[in-house]
Amino acid sequence: MFNICPVRQTLRQHKDRIFHCSKFPSANILVLKKQKRSGFKVLAVSVVENFGRLRLSNVDRSPRGIGPGKVQGNSSHSFEEFESNNYLRRLVRNGELEEGFKHLENMVYHGDIPDIIPCTSLIRGFCRIGKTKKATRVMEILEESGAVPDVITYNVLISGYCKSGEIHNALKVLDRMSVAPDVVTYNTILRTLCDSGKLKQAMEVLDQQLQKECYPDVITYTILIEATCKESGVAQAMKLLDEMRTKGCKPDVVTYNVLINGICKEGDWMRQSRTVGRAIDILEKMPKHGCTPNSLSYNPLLHGFCKEKKMDRAIEYLEIMVDIAVEILNQLSSKWCSPVLITYNTVIDGLSKMGKTERAMQLLYEMRERGLKPDIITYSSLVGGLSREGKVEEAIKFFKDLEGSGIRPNAITYNSIMLGLCKARQTDRAIDFLVYMVSKGCKPTESTYTILIEGLAYEGFT
DNA sequence: ATGGCTACGG
């Protein structure tokens, strides 16, 4: 009756029909066929324990486990409900949020219990497009249906409110949720409070968290350390670092990166080379604490060197970095932008600001040779450099080449050209450029107008 | 494909 399912892919194909059974905790049970009265016939069992990121739905937590060939705990639900949930999953996966919502309402109306996982995706989907109210409605329907939303479902809604700036509503959900919040819940809220400069309120939430015996983890401390760096300085943040260590929470590479960044951005550090020393110090001590620096560890330093106009040192670090960065490139490849690209951007921008656009151009060619694709930030820095140097015609030529090779300039790119034209007392051409920018569907920004107004004033047309 | 933390350009 139980066949071993040999291929992981087979499971993936049928992931909507995989169940878990408490009697065989390490087994995934693949159900393929409906059986008349008692639920579903078990066709295959796999012993794949860590099935990627897939979490099994319809988890059977009953201690009795399953009978031969049947999955209990699901047998009480109808096949219609099972299929209805499959349909909901499909809609949500295809991004058909409104259809999914209607279907959810409909299935609840028929007394079917919706699966919380597609509902969680639905909530996330509505939050993403700014429809937090609709997301809340999904949660209400879910709560009324007899399904039990888990902490993740609540976290998704809270995160949605946080991202749309509705901290008040996020806190309301926290207050009213029917399951205990976990450390992720608190981290989401703490992050948002810290970002909006409400460190004090964040500390109050932290107190509340501790009272509920939900303990901060490395991410909690990292969030607080970053905020403390900005609000009260690195020295204060270091105390938090000590505190987390004494509480047995080990700082990780992100924690150190946040501190390095804090030191590099600390006020007036440019005139106190000692502080740069402190940043390098942390960087060098990371391996002793069991952390390998990654390219994000170096970027703030590079940025610092670029601002300080110590380009030799910046380039020296760039070279150290490339090895490290390439190594972790795979690890981060899921992100839209590689760390090495940002590294080059930082240095190219630094050189451009010093008037060393030729050296910056060299780096552009170098990065291309290494198989890196420069992005709009790379090009904007170069356009800005040429404009500032007074080489507007060269900047415009470079700009035209970009357009020709299919790169779509953004407002910052256009602004750089206009700034160059205004500095060259050619505000009329800059205004023509504004017209061109708009005709290309690029919306001007506040800076656009500031640049043009200053240009006009500079030429005496106050 | 149910969740939380760091870096670049006007």
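First the proteins, then the strands, lettered A, B, ... as listed; each starts at 1. Here the structure is a predicted model, which is why all the values come from computation and not from measurement.
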Next on the checklist: Please enumerate all residues that pass salt bridge (charged side-chain N to carboxylate O under 4.0 Å, His left out) together with Lys400(A), with sequence neighbours excluded.
Outcome noted: Glu403(A)
Item to check | Within residues 203-221 of chain A: residues closer than 4.0 Å to DNA chain B (heavy atoms) | outcome: Asp217(A), Ile219(A)
Next on the checklist: Quiz question: going by heavy-atom distance under 3.5 Å, is there a donor-acceptor pair between the base of dT2(B) and the side chain of Asp150(A)?
Outcome noted: yes
For residues 377-392 of chain A, run the donor-acceptor check on the side chains, cut-off 3.5 Å, and write out each pair with its distance to 0.1 Å, sequence neighbours left out.
from	atom 1	to	atom 2	distance (Å)
Thr378(A)	OG1	Asn345(A)	OD1	2.6
Thr378(A)	OG1	Asp375(A)	N	3.0
Thr378(A)	OG1	Asp375(A)	O	3.2
Thr378(A)	OG1	Asp375(A)	OD1	3.0
Tyr379(A)	OH	Arg368(A)	NH2	2.8
Ser380(A)	OG	Ile376(A)	O	2.7
Ser380(A)	OG	Thr413(A)	OG1	3.1
Ser381(A)	OG	Asp349(A)	OD1	3.0
Ser381(A)	OG	Ile377(A)	O	3.2
Ser387(A)	OG	Val383(A)	O	3.3
Ser387(A)	OG	Ser416(A)	O	3.1
Glu389(A)	OE1	Lys391(A)	NZ	3.1
Glu389(A)	OE2	Thr357(A)	OG1	2.4

Next on the checklist: Any side-chain N or O of Arg89(A) below 4.0 angstrom from OP1/OP2 of dA1(B)?
Outcome noted: no
Checklist entry - Which part of the nucleic acid, if any, lies within contact of Ile376(A), taking any heavy atom under 4.0 Å across all strands shown: a base, the sugar-phosphate backbone alone, or nothing? => result base
Checklist entry - What distance do Asp115(A) atom CG and Asn85(A) atom CG have between them, rounded to the nearest 0.5 Å? => result 5.0 Å
Next on the checklist: Taking only side-chain N and O atoms of Lys423(A), does any of them lie within less than 4.0 angstrom of OP1 or OP2 on dG10(B)?
Outcome noted: no
Item to check | Backbone of Ile348(A) reached by a side-chain donor or acceptor of Ser352(A) within 3.5 Å | outcome: yes
Checklist entry - Out of curiosity, Leu88(A) CG to Glu99(A) CD, how far, rounded to the nearest 0.5 Å? => result 11.5 Å
Next on the checklist: Can you pull out the residues from residues 379-388 of chain A that lie within a 4.0 Å heavy-atom distance of DNA chain B?
Outcome noted: Ser380(A), Ser381(A)
Next on the checklist: Can you identify which nucleotide, out of dG9(B), dC5(B), dT2(B), has its nearest atom closest to the Thr153(A) side chain?
Outcome noted: dT2(B)
Next on the checklist: Please report the distance, rounded to the nearest Å, between OH in Tyr161(A) and C1' in dG3(B).
Outcome noted: 17 Å
Item to check | Nearest-0.5 Å distance, CZ of residue Arg89(A) to OG of residue Ser84(A) | outcome: 10.0 Å
Next on the checklist: Please give me every residue in residues 434-443 of chain A whose heavy atoms get under 4.0 Å of an atom in DNA chain B, ordered by residue number.
Outcome noted: none
Next on the checklist: For a salt bridge (charged side-chain N to carboxylate O under 4.0 Å, His left out) check, start with the C-alpha distance between Lys397(A) and Glu394(A), then their side-chain angles and the critical distance, and finish with the verdict.
Outcome noted: CA-CA 5 Å; Lys397(A) 191 184 169 298; Glu394(A) 233 178 285; over 6 Å; no
Which side-chain N or O atoms in residues 118-139 of chain A pair as donor and acceptor under 3.5 Å with protein atoms at least two apart or in another chain?
from	atom 1	to	atom 2	distance (Å)
Thr120(A)	OG1	Ile116(A)	O	2.6
Thr120(A)	OG1	Thr153(A)	OG1	3.0
Ser121(A)	OG	Ile117(A)	O	3.4
Lys131(A)	NZ	Glu98(A)	OE2	3.4
Thr132(A)	OG1	Glu166(A)	OE2	2.9
Lys134(A)	NZ	Glu98(A)	OE1	2.8
Thr136(A)	OG1	Thr132(A)	O	2.9
Thr136(A)	OG1	Tyr161(A)	OH	2.5
Arg137(A)	NH1	Glu140(A)	OE1	2.9

Checklist entry - Between dG3(B) atom P and Ile189(A) atom CD1, what is the distance in whole Å? => result 17 Å
Item to check | Gap between atoms CG and P, on Leu240(A) and dC5(B) respectively (whole Å) | outcome: 18 Å
Checklist entry - What distance do His103(A) atom NE2 and Arg90(A) atom CZ have between them, rounded to the nearest 0.5 Å? => result 9.0 Å
Next on the checklist: Go through it in stages, so that I can follow the logic: the residues are Asn415(A) and Ser447(A), the test is side chain to side chain donor-acceptor pair (under 3.5 Å), and I'd like the CA-CA distance, side-chain angles, deciding distance and then a yes or no.
Outcome noted: CA-CA 7 Å; Asn415(A) 288 350; Ser447(A) 295; 4.7 Å; no
Next on the checklist: Under 4.0 Å, counting only non-hydrogen atoms across every strand here, what does Thr346(A) touch: a base, just sugar-phosphate, or nothing?
Outcome noted: sugar-phosphate
Item to check | d(CD1, Ile123(A); C1', dA1(B)) in whole Å | outcome: 16 Å
Checklist entry - Taking atom types as modelled and ignoring hydrogens, do the side chains of Thr427(A) and Tyr458(A) form a donor-acceptor contact shorter than 3.5 angstrom? => result no
Item to check | Sub-4.0 Å heavy-atom contacts from residues 405-416 of chain A onto DNA chain B, ordered by number | outcome: Asn410(A), Ile412(A), Asn415(A)
Checklist entry - Under the side chain to side chain contact (heavy atoms under 4.5 Å, CB included) test, which residues partner Lys443(A), sequence neighbours left out? => result none
Checklist entry - Which residue pairs satisfy the side-chain hydrogen bond (donor to acceptor under 3.5 Å, both in side chains) criterion with at least one member in residues 202-211 of chain A, sequence neighbours excluded? => result none
Item to check | Interface with DNA chain B, restricted to residues 129-145 of chain A and to heavy atoms under 4.0 Å | outcome: none
Checklist entry - Can a donor-acceptor pair under 3.5 Å be found between the side-chain atoms of Thr445(A) and the base atoms of dG10(B)? => result yes
Next on the checklist: Please classify the nucleic acid contact of Val253(A) as base, sugar-phosphate, or nothing, using heavy-atom distances under 4.0 Å.
Outcome noted: nothing
Checklist entry - What is the distance, rounded to the nearest whole Å, between atom CG of Asp182(A) and atom P of dC5(B)? => result 13 Å
Next on the checklist: Checking Phe399(A) now: which residues fulfil ring pair (Phe, Tyr, Trp, His ring centres under 6.0 Å) with it, not counting sequence neighbours?
Outcome noted: Tyr414(A), Phe433(A)
Item to check | Rounded distance [0.5 Å steps], SG in Cys442(A) versus CZ in Arg408(A) | outcome: 6.5 Å
Checklist entry - Which is true for Val254(A) with a 4.0 Å heavy-atom rule: it touches a base, it touches only sugar-phosphate, or it touches nothing? => result base
Checklist entry - When the distance from CG of Asp349(A) to C1' of dG9(B) is rounded to whole Å, what number comes out? => result 6 Å
Checklist entry - Can you tell me how far P of dG10(B) sits from CD1 of Ile451(A), to the nearest Å? => result 10 Å
Atom pairs and distances, side-chain donor-acceptor, residues 227-240 of chain A, under 3.5 Å, sequence neighbours left out:
from	atom 1	to	atom 2	distance (Å)
Thr228(A)	OG1	Leu224(A)	O	2.6
Lys230(A)	NZ	Glu226(A)	OE2	3.1

Next on the checklist: For Ile158(A), run the side-chain contact (heavy atoms from CB on, under 4.5 Å) check against Leu171(A), Thr185(A), Thr192(A) and tell me which one passes.
Outcome noted: Thr185(A)
Item to check | Separation of atom CG in Leu190(A) from atom C1' in dC5(B), rounded to whole Å | outcome: 11 Å
